[in-house]
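Labels below follow one simple rule: chain letters A, B, ... track the order of the sequence lines, proteins then strands, and each chain is numbered from 1.
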Protein chains: 2
Amino acid sequence: MAEKQYKIGEFSRKVNLSSFTLRYYEDEGLIKPRRNQNGQRFYGEQDVKWLKFLLHLKGTGMTMAELKQYVAWRAQGDATIQQRIKLLRRVKQDAEDQIRELENNLAIVNHKIDWYSGKLDETINADEDFEQYLKKFE
Amino acid sequence: MAEKQYKIGEFSRKVNLSSFTLRYYEDEGLIKPRRNQNGQRFYGEQDVKWLKFLLHLKGTGMTMAELKQYVAWRAQGDATIQQRIKLLRRVKQDAEDQIRELENNLAIVNHKIDWYSGKLDETINADEDFEQYLKKFE
DNA sequence: CTATCCCTTCGAGTGCACTTTAAGTCAAAT
DNA sequence: ATTTGACTTAAAGTGCACTCGAAGGGATAG
């Protein structure tokens, strides 16, 4: 039993990207679906996995240019593994920084919500401003 | 002793935004510096705090439109606190989702780095693909 | 005095990652 | 048979958040 093949429409629903975007990614060299005798694209399970991996990379903030670089290195074989590791380490660092910053920003938002809540139920003095309130947590 | 006042150039260095951006934010209604008798903008410590708070909100992913809405509500006084809380809760939720997604993506990147490293030092079988490798962590 | 900064309006330009259109042909599903 | 979906190329459009430029004039620091 051969593996499931998807045409672009079905595949686009599966990976939650428009057909436009899939063709765009293909133009950019990120994916290479097979074609049938009529030139229609067919995607298999490998393409699903590969695309999902790309989307994970993308989701860390990697740009198109970096993804293309990564793909180019991959196509060159094992000789470029060091470069790929180096790029991924940068991506890792970057993602960690983003997480830290988000957590930082989130903490402020949480304090602000608490402060507003306190104002509403009057457990916070009407005169105490957010700055003063924040000092309690330093 | 009066508090320190900044002209736009000094302020822009302090908050790490260009003068262009500061004027743009002002046009959008996000900040309202005082002016001296010649029309030059002066920013004080309050402006530093307010802008930093805005940047925290911004850093969670809030758009300009949302920031403007928030500022508009703030200008309307305490009657809009409920709306502001509601917006901030959405922002909070959003930031939490972003963090989770980043962590998720990061985990994949980390596995990939480990897998490449394993390939390089030959602790991973040359034939074992990333998919198989990942299964070990399920 | 002179270099540097700041002011205004406002429209145009930038960068990124899509997103859509056009025009015409061909394939596949019901 | 008919609707729906797929194919091509090349170019233009979108949305967001800036970012910059022109033109002309006033302010301030060294």
Side-chain angles (χ1 to χ4, degrees), chain A residues 4-44 47 51-72 91 94-95 98 101 105, chain B residues 4-44 47 51-72 91 94-95 98 101 105:
Chain A
K4 171 101 172 117
Q5 298 276 92
Y6 307 90
K7 289 202 291 187
I8 199 167
E10 199 184 354
F11 189 67
S12 84
R13 266 164 264 129
K14 189 170 175 72
V15 298
N16 216 29
L17 292 176
S18 73
S19 307
F20 293 121
T21 302
L22 288 170
R23 285 192 274 259
Y24 165 65
Y25 282 179
E26 186 176 342
D27 288 346
E28 298 297 309
L30 301 188
I31 31 174
K32 282 196 225 309
R34 267 106 254 136
R35 303 292 184 116
N36 70 6
Q37 74 276 20
N38 305 307
Q40 293 191 330
R41 291 165 180 83
F42 275 91
Y43 301 83
D47 297 304
L51 191 49
K52 287 199 166 163
F53 176 62
L54 283 183
L55 293 178
H56 281 300
L57 295 185
K58 197 150 195 316
T60 62
M62 267 179 85
T63 62
M64 279 285 144
E66 288 170 328
L67 288 171
K68 284 156 82 169
Q69 174 64 270
Y70 181 86
V71 170
V91 164
D94 210 72
Q98 285 183 67
E101 213 198 302
N105 293 329
Chain B
K4 172 101 170 116
Q5 299 276 92
Y6 308 90
K7 289 203 289 184
I8 198 167
E10 198 184 353
F11 189 67
S12 85
R13 267 165 263 127
K14 187 166 176 76
V15 297
N16 217 31
L17 292 177
S18 72
S19 307
F20 292 121
T21 303
L22 288 169
R23 288 191 202 102
Y24 165 65
Y25 281 180
E26 187 176 342
D27 288 345
E28 298 297 309
L30 301 187
I31 30 174
K32 282 196 224 310
R34 266 110 254 132
R35 303 292 186 116
N36 70 7
Q37 73 279 19
N38 306 306
Q40 292 193 329
R41 292 166 181 82
F42 275 91
Y43 301 83
D47 296 305
L51 191 50
K52 289 201 164 160
F53 175 62
L54 283 183
L55 293 177
H56 281 300
L57 294 186
K58 197 150 195 317
T60 62
M62 266 178 87
T63 62
M64 278 287 146
E66 289 171 327
L67 288 172
K68 284 156 83 170
Q69 174 65 272
Y70 182 86
V71 170
V91 163
D94 209 73
Q98 285 183 67
E101 213 199 300
N105 294 329

Next item on the list: Look at the side-chain N and O atoms of Lys68(A) and state whether any lies under 4.0 Å from the OP1 or OP2 oxygen of dA17(C).
Entry: no
Checklist line | Distance in angstrom units between Leu54(A) CG and dA17(C) C1', rounded | finding: 15 Å
Margin query: If you define the side chain from C-beta out and look only at heavy atoms, does anything of Leu22(B) sit under 4.5 Å from Tyr43(B)?
Written below: yes
Notebook entry, point to check: How far apart are the closest heavy atoms of Val71(B) and Gly29(B), and which atoms are they?
Noted result: CG1-O, 3.4 Å
Next item on the list: Give one of base, sugar-phosphate or nothing for Ser19(B), where a contact means two heavy atoms less than 4.0 Å apart.
Entry: nothing
Notebook entry, point to check: What pair of heavy atoms forms the shortest contact from Leu30(A) to Leu54(A), and how long is it?
Noted result: O-CD1, 3.6 Å
Checklist line | Protein-nucleotide distance (Tyr6(A), atom OH; dA29(C), atom C1'), rounded to Å | finding: 19 Å
Checklist line | Given dC18(D), dC7(C), dC18(C), the nucleotide with the shortest approach to the side chain of Met64(A) | finding: dC18(C)
Notebook entry, point to check: Residues two or more places apart in sequence or in another chain: which of them pass side chain to side chain donor-acceptor pair (under 3.5 Å) with Gln5(B)?
Noted result: none
Next item on the list: Output yes when at least one side-chain N/O atom of Tyr25(A) is less than 4.0 Å from OP1 or OP2 of dC18(C), else no.
Entry: yes
Next item on the list: Indicate yes or no: does Lys4(A) engage Glu10(A) in a salt bridge with an N to O separation below 4.0 Å.
Entry: yes
Note to self: Salt bridge or not between Glu26(A) and Lys32(A)? Use side-chain N to carboxylate O under 4.0 Å.
What the structure shows: no
Next item on the list: Round to the nearest Å and state the distance from Gln5(A) atom CD to dA28(C) atom P.
Entry: 14 Å
Notebook entry, point to check: When you check the phosphate oxygens OP1 and OP2 of dT8(C), does a side-chain N or O of Arg35(B) lie under 4.0 Å from one of them?
Noted result: yes
Notebook entry, point to check: Rounding to a whole Å, what distance do you find between Leu17(B):CG and dA17(D):P?
Noted result: 14 Å
Item checked: Short side-chain N/O contact from Arg23(A) to OP1 or OP2 of dC7(D), under 4.0 Å -> yes
Note to self: When you measure from the side-chain N and O atoms of Arg41(B) to the phosphate of dC6(C), is any distance below 4.0 Å, counting only OP1 and OP2?
What the structure shows: no
Next item on the list: To the nearest Å, give me how far apart CG (Asn16(A)) and P (dC18(C)) are.
Entry: 13 Å
Notebook entry, point to check: For Thr21(A), which residues count as a side chain to side chain donor-acceptor pair (under 3.5 Å) partner, sequence neighbours excluded?
Noted result: Ser18(A)
Check: For every nucleotide of nucleotides 20-30 of chain D, 5' to 3': is a protein heavy atom under 4.0 Å from its base (B), only from its sugar-phosphate (S), or from neither (-)?
Finding: B------SS--
Checklist line | Atom-pair distance (CD on Glu10(B); P on dT4(C)), nearest Å | finding: 18 Å
Check: Does Thr21(B) put a side-chain nitrogen or oxygen below 4.0 Å from OP1 or OP2 of dT19(D)?
Finding: yes
Checklist line | Atom-to-atom span, OH of Tyr24(B) to C1' of dC10(C) - whole angstrom | finding: 14 Å
Item checked: Atom-pair distance (CD1 on Ile8(B); P on dT19(D)), nearest Å -> 14 Å
